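Here the structure is a predicted model, which means the values were calculated and not measured. These numbers come from the heavy atoms of this one structure, side chains and all, not from hydrogens, waters or symmetry mates.
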Amino acid sequence: MTDLMLAENSLSPEEALLFHQKLWVLLEEAAKEYTNGESTSVSSETAQKLLTSVCFVLRQYLSGSGKTARDLLFEDFSEAFEHGKKSVLKLCDKVRAQWKAACSTAPKIPSLALSETLKGINEGFYHYNIDLFSAEIPCTVTYQLMESVPESFLGAEYLSEYLERLLLENYIVSRFDPKALRRLLIRISPFYSEMLINLCETALQNAVGLSLLGKDIFGLEITFADREKLSDIFIGALDSSVILFLEKAAEKVCDALGFTDVNSRGYVIRFAKSLLPRIKASAESGMRGVFI
């Protein structure tokens, strides 16, 4: 149901029962507020959303206070819930700051999906219901990241993690010449700006290929002859060897980008290693399925 509910595994049967009883009271209060005080009866779908959001808020409280689910048993759930909402509000402030940074660092390359996503996040601030549906994402996110945010992230927590990753991707894109990147995108389609294309992925995949060839990653362009050389590297290679090649190439890319922190380097290296299936599928057909 939620990771908070999983805490029951560490509780005794009696404690788990008490936990459920206290949680049920909060759920009834939420249902009553949802129906404007008229009833505590709601549809099963709405009840699930309310329960997920109640647990999400309580988890924010536990995370901020350093307490455990067992500690919560000896506290007033309603007070803990109110403290949790304050934590969610602080998280919203962080999301707003991240959103502003994401807007100011957005690539100078047209992307309808990215612009609509940033616009939607801004509008979502006015629709985010912290009291009842804090676990819901109050907007539509259409711009896909190189590495998706796990489904375990909810509400403002999801948006914060999404924007954190987007900021990293924006920085990576900023290191490449916009004109060179546009040329690559046009090779994919003249209408690339209207497609669900990740701008950072487009730049990085060619950068990884150039790194493998020992060439300047910022040049971005991979020629027909370059693709033939890359095919020679990958054809017949074991998966473990391909992964090793990609990892070493990605590390060189990270060095060129100036990344020294584990998170940024890990993000780039994981992306490079994710190219394995596409490389296997296109190694014998000129590598056009990977390197543009």
Side-chain angles (χ1 to χ4, degrees), residues 107 113-114 141 143-153 158 161-177 180-181 183-185 187-189 192 195-292:
L114 178 55
V141 175
Y143 184 74
Q144 301 301 307
L145 300 172
M146 291 198 308
E147 186 174 87
S148 300
V149 177
E151 293 182 358
S152 58
F153 286 79
Y158 174 93
E161 181 62 23
Y162 176 89
L163 289 169
E164 190 68 25
R165 298 181 184 204
L166 180 60
L167 284 167
L168 175 59
E169 293 190 10
N170 283 355
Y171 172 76
I172 293 173
V173 173
S174 74
R175 295 297 308 277
F176 295 92
D177 178 34
L181 183 50
R183 285 196 294 269
L184 290 186
L185 291 165
R187 289 183 185 179
I188 297 174
S189 171
Y192 71 84
M195 300 173 66
L196 296 178
I197 293 176
N198 180 279
L199 303 178
C200 188
E201 176 179 330
T202 304
L204 269 187
Q205 60 192 12
N206 268 32
V208 168
L210 290 167
S211 176
L212 280 164
L213 296 171
K215 302 181 74 172
D216 177 22
I217 70 163
F218 296 106
L220 283 183
E221 185 174 359
I222 291 183
T223 65
F224 178 80
D226 290 334
R227 280 192 291 273
E228 285 191 325
K229 292 178 181 177
L230 289 168
S231 292
D232 291 339
I233 293 174
F234 294 122
I235 290 178
L238 296 174
D239 288 2
S240 57
S241 297
V242 175
I243 289 294
L244 185 60
F245 292 149
L246 293 172
E247 188 170 359
K248 288 184 177 180
E251 287 178 349
K252 291 180 180 179
V253 170
C254 288
D255 292 338
L257 292 172
F259 288 153
T260 57
D261 64 290
V262 175
N263 289 336
S264 298
R265 294 181 71 89
Y267 197 75
V268 173
I269 291 171
R270 287 193 300 274
F271 166 72
K273 292 164 70 173
S274 75
L275 296 174
L276 173 63
R278 291 163 56 191
I279 286 174
K280 291 179 62 178
S282 61
E284 296 184 4
S285 58
M287 303 303 299
R288 287 304 296 266
V290 186
F291 305 111
I292 304 170

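- Considering Asn198, Leu199, Leu168, Val268 in turn, Asn198 is the only one that fulfils the side-chain contact (heavy atoms from CB on, under 4.5 Å) rule with Met146.
- Under the ring-ring contact (aromatic ring centres under 6.0 Å, His included) criterion, no residue pair touches residues 220-240, with sequence neighbours excluded.
- For residues 238-254, the pairs satisfying salt bridge (charged side-chain N to carboxylate O under 4.0 Å, His left out) are Asp239-Lys280, with sequence neighbours left out.
- By the side-chain hydrogen bond (donor to acceptor under 3.5 Å, both in side chains) test, Tyr162 pairs with no residue at all, sequence neighbours left out.
- Every residue two or more places apart in sequence or in another chain that forms a ring pair (Phe, Tyr, Trp, His ring centres under 6.0 Å) with Phe176 is listed here: Phe218.
- Take Thr223 and apply the side-chain hydrogen bond (donor to acceptor under 3.5 Å, both in side chains) test, not counting sequence neighbours, and it matches Asp226.
- Residues passing the ring pair (Phe, Tyr, Trp, His ring centres under 6.0 Å) test with Phe259 are Tyr171, sequence neighbours excluded.
- In terms of the side chain to side chain contact (heavy atoms under 4.5 Å, CB included) criterion, Ala281 has no residue partners (sequence neighbours excluded).
- Among residue pairs with one or both ends in residues 258-278, those qualifying as salt bridge (charged side-chain N to carboxylate O under 4.0 Å, His left out) are Glu147-Arg270, Glu201-Arg278, Asp255-Arg265; sequence neighbours excluded.
- Annotation: side chain to side chain donor-acceptor pair (under 3.5 Å) contacts involving residues 283-292, sequence neighbours excluded, are absent.
- In terms of the side chain to side chain contact (heavy atoms under 4.5 Å, CB included) criterion, residue partners of Thr202 (sequence neighbours excluded) are, by chain and number, Leu181, Leu184, Leu185, Ile188, Ile197, Ile292.
- Listed by first and then second residue, the ring-ring contact (aromatic ring centres under 6.0 Å, His included) pairs involving residues 195-217 amount to none (not counting sequence neighbours).
- Remark: Arg187 engages Glu221 in a salt bridge (charged side-chain N to carboxylate O under 4.0 Å, His left out) (not counting sequence neighbours).
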